[in-house]
There are 2 protein chains.
Amino acid sequence: MNKRPTIRDVAAMAGVSVATVSRVLSGDYPVANATRTKVQRAVRELDYVVNAHARALSGATSNVVALVMYDVVTPFFAFIASGVEYQATESDRLCLVCTTHGDPDRELEIVKLMREQHADAVILVGGVNMTDDYRERMYRYAKGLEDAGSRLVLCGRPSLGPDFPAITVEYDNAGGAFSATSHLLSSGHRRIAMLGGPIGNTTFDARLDGYRRALEAFRVPVDPALITHGDMSQDSGFRQVQRLLADGVEFTAVFAANDFVAAGAMRALRAAGKSVPDDVSVIGYDDTPFAPELTPALTSVHLPHEELGRTAVKLALQRGEGSARQHVMLGTHIAMRDSVRPLI
Amino acid sequence: MNKRPTIRDVAAMAGVSVATVSRVLSGDYPVANATRTKVQRAVRELDYVVNAHARALSGATSNVVALVMYDVVTPFFAFIASGVEYQATESDRLCLVCTTHGDPDRELEIVKLMREQHADAVILVGGVNMTDDYRERMYRYAKGLEDAGSRLVLCGRPSLGPDFPAITVEYDNAGGAFSATSHLLSSGHRRIAMLGGPIGNTTFDARLDGYRRALEAFRVPVDPALITHGDMSQDSGFRQVQRLLADGVEFTAVFAANDFVAAGAMRALRAAGKSVPDDVSVIGYDDTPFAPELTPALTSVHLPHEELGRTAVKLALQRGEGSARQHVMLGTHIAMRDSVRPLI
DNA sequence: ACGCGTAGGGTAAACGCTTTCTAGAATCGT
DNA sequence: ACGATTCTAGAAAGCGTTTACCCTACGCGT
C-alpha cells in the first residue's frame, strides 16, 4: 500500500527539478538527452503516472468529451456512441457517458456536472420534450459551457436558434426522404403512400417535406389521401396501412417514416393478402439493424450514425474562428434490399 | 466571454471567506442560516459551479467509474454498460467508457489512463487474449490501481488468481449449462448434442462442464460423439450440425454454446428437412435480443447483463475489510420459448 | 464571577502539476 | 577573444479546492 508517487518523487530520484520532469513528460520543451533518459528511468522505476486532475487544474484542458443521450442500449444511440468514442479516442480524449431516459431535469443536471468537469465538449443526442422553461435553462447552460471553454453539440435535434451558442449536427432528413421517394418514382411507382410520424415533430416533418418535393420533381400530384400520420411504432404502421386499405385508397408503394412503421406496414399488407414486393413495394427509414432480417429484407434510408458521432466530436474539438456555432447536415443513402420492385 | 467564477468570487460577493463557501457547498460543517443564504444567493447570481478537478486534487475521490469493454454496440456489452451507468449514476458517480476492440495493449493503456484519472473503480468486461506478458503487466496495473485507491473489477472473465488484487463478477456458466441440459433431460431427451465453443476458452469450458454434470445427474452416459467444437459464429453452428448429420449421429436435442451457434444449428436442421422443435429441440445461451425473433423463438439461458454491471459498480464502491477481493457469481435462468418440445 | 464547551467563521497550508521568469553554460560569429 | 545567441534547467508563482488549525463569542454549570 505505497502512496502513489508524485512528480516530486520522480524529480528527486532523477536528481532534477520538477519542472524538468514535467517537461520531459509533456515533450514540448527541449531537454538534454541524458536528462530525459534519467527522468524516464525514474518514471519507470517508480511506476509513476501523472495526476490528471492536477494537470487539468494547472493547464487548461481536461481531455474529456461528454456524451449525453437517452440510453445506451438502443442501437440508434449505441452506434452514435460508438462514433463518439472512436473519435474521442482518436483525439486523445476520454469519453464520459451519461443517460437521461428522457428526463429534461436529468439532462440539465448532467450539463451542470459537465461544467464542473470542464469537459472539452458536451454532446447532446436526440430530442427531449422541449418546453420554454427548458429552452431558457438550456440557453443559460450553453452560455455557461461556452464561458468555461466547452463546446456544446446538438446531435440529431434541430438547432435551437442561430444565436444559440452550440454546434448542430443532424441528418438530412428531407434529403433522405427525397431519395427514398425518388427511388420509388424512378422504379415506376406513382401512387406512393407516405406513413408519417407525429405531426409537428421536426424530424418527421422534414421527411414528409422530402416526400413532397420528390413528387413535385417528378411532376406527380401530391394526393393528401395517401399521407397518413401516427406515432413511430410498429403498431402504428400496421394501423395506418389497415386504414388506407379499408378506405380503398390505391397505392403500389409505401414510404414509411421509419423502419418500425415499415415493419408494421409489411405485416398489415401480408395480412391483407398482398405480397411485398410483388404487389406493393415498401421502403423504410433509419436502416435499423433488424431491417435486413425482415422478410423480405427491408430497403431503407441508411443514416450514418457512427459518422454523426465522429463528426460531432471532430467539430467540437476544432478550434478557430466561427467554429463554435457550425451547423452540419450529414447525407444519407439508400440501403437497397428486397422490399422494392420496379413497376412493370 | 466572462471568465468562469471561482469560489473566491463567490466569497467576495457574499462577504465571507472561501472556507465558509466551501462549507456551505459541502454541507457538512455547521453554518449559520443567514450566512448560508447569502452564499447561496451569490452562487446563483454568479452561476458558479465547483471545479471538479480542484476538488479532486484537494480531496481524495474523483467520483468517476471507468468501464472498459470490447465495444459499445454489441448488445452483450451495451446491456452491461447500461447496468454500470445506472448504478454509477445511482452512486453519484460519472461513467467513463472506453473500448478496446480486443487489443490488449489498448486495454493496458486505458488502465493507465484511469490511474491518471484516479477513477474510483475500473471495470474490465469480457475477455482478451490472455498471454503471460499480459498477465504480468495487468498485475502491475492492478497493484497500481490499488495503491491509487481504485478498485479493479473483472467482469465475465475468470479471476486471474486469488492473490490478484481485484474483484471478480461473473456468470455461473456451468450452472446455466446445467439448467439448460437438465431442462432438455427432464423433457425426456437423452441424445443431446452439445455444440461447444473454442477449446480452452474458460467460458465455454464451463458450459461444457455444466452439460456433463447434468447428464451425470440424470445418469445418462456422456457420448463424446455428441460433443463438437467450433467458434462462436452462426456459420460454426451450421457446420457443426451438418457434420453431425453427415456422420449419422442420432440426437433429439441440441444445446448450443450461444445463440449465434443455435441460430446456425436451426438453419442447418431446417436445411436437412428437420423441424424445430418437432423433430429436434434447440436451446441457446446468452438470450441475445434476437432470440425471441427467430422462428421458432429460441429458448435460451438468460444472463443478467444489467445486473452484472450494477453488481460490479456496487461491489467496487463498497468499502470495508476484504471488500477489495471479492468473487461473485451471478445466477442465470432459462428464458423458455418455442424451440424446445418434450419428447413423447 | 469564572472556566468551559461549542457554534460559527477566518487563515493558510496542502493537493500535484504547468509555466513563466531567470540564469548559468555552451556555442557562435566576427 | 568577447559579446551575442542558443540550450538547459531551476525557482517559484499560480490553478481552485478542502481542511486542519485557530480564534471569538456566547451560554451554562458551579
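This one's a predicted model, so the numbers in the text were calculated from it and none came from an experiment.
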Quiz item: Please give, in whole Å, the distance from C:dG16 C1' to B:Arg115 CZ?
Solution: 16 Å
Quiz item: B:Leu25 CG to D:dT19 C1': how many Å, rounded?
Solution: 15 Å
Quiz item: C:dG16, D:dA9, D:dT17: which one has an atom nearest the side-chain heavy atoms of A:Val31?
Solution: D:dA9
Exercise. Grab the CG-P distance between A:Asn33 and D:dC7 for me, whole Å please.
Key: 14 Å
Quiz item: Looking at the side chain of A:Arg8, which of D:dG16, D:dT18, C:dG16 is the nearest nucleotide?
Solution: C:dG16
Quiz item: Please give, in whole Å, the distance from C:dA7 P to B:Tyr29 OH?
Solution: 9 Å
Practice problem: Look at the side chain of A:Ala54 and decide which nucleotide, out of C:dC17, D:dC15, D:dT8, has an atom nearest to it. | Solution: C:dC17
Quiz item: Taking OP1 and OP2 of C:dG9, is either one under 4.0 Å from a side-chain nitrogen or oxygen of B:Ser17?
Solution: no
Quiz prompt | Between P of C:dC15 and CZ of B:Arg55, the distance in whole Å | solution = 19 Å
Quiz prompt | From B:Leu113 atom CG to A:Arg93 atom CZ, the distance as rounded to the nearest 0.5 Å | solution = 12.5 Å
Quiz item: Quick one: is D:dT17 close enough that its OP1 or OP2 comes under 4.0 Å of any side-chain N or O from B:Tyr48?
Solution: yes
Quiz item: Are A:Thr20 and D:dG10 close enough that a side-chain N or O sits under 4.0 Å from OP1 or OP2?
Solution: yes
Exercise. Mind checking A:Val16 for me? I need base, sugar-phosphate or nothing, with any heavy atom below 4.0 Å counting as a touch.
Key: sugar-phosphate
Exercise. Answer yes or no: side-chain N or O of A:Arg23 and base N or O of D:dG10 forming a donor-acceptor pair under 3.5 Å.
Key: yes
Practice problem: Look at the side-chain N and O atoms of A:Ser58 and state whether any lies under 4.0 Å from the OP1 or OP2 oxygen of C:dT18. | Solution: no
Quiz item: Parallel, tilted or perpendicular: which describes the rings of A:Tyr70 and A:Phe77, with under 30° parallel and over 60° perpendicular?
Solution: parallel
Quiz prompt | Sugar-phosphate, base or nothing in reach of B:Thr6, heavy atoms under 4.0 Å | solution = sugar-phosphate
Practice problem: Starting from P on C:dC15, measure out to CG on B:Asn51 and report it in whole angstrom. | Solution: 18 Å
Quiz item: So, B:Thr61 side chain and B:Asn63 main chain: donor-acceptor pair closer than 3.5 Å or not?
Solution: yes
Self-check item: A:Tyr86 six-ring face occupied by A:Arg310 cation (under 6.0 Å, within 45°)
Solution: yes
Self-check item: Whole-Å gap separating P (C:dG16) and CG (A:Leu57)
Solution: 12 Å
Quiz item: Closest nucleotide of DNA chain C for A:Val18 versus for B:Ala32: which of these residues is on the 5' side?
Solution: B:Ala32
Exercise. Return yes if a side-chain donor-acceptor contact under 3.5 Å exists between A:Thr100 and A:Glu107, otherwise no.
Key: no
Quiz item: Counting side-chain heavy atoms from CB outward, which of C:dT19, D:dT17, C:dA12 is closest to B:Ala19?
Solution: C:dA12
Quiz prompt | Distance in angstrom units between B:Arg36 CZ and C:dG9 P, rounded | solution = 10 Å
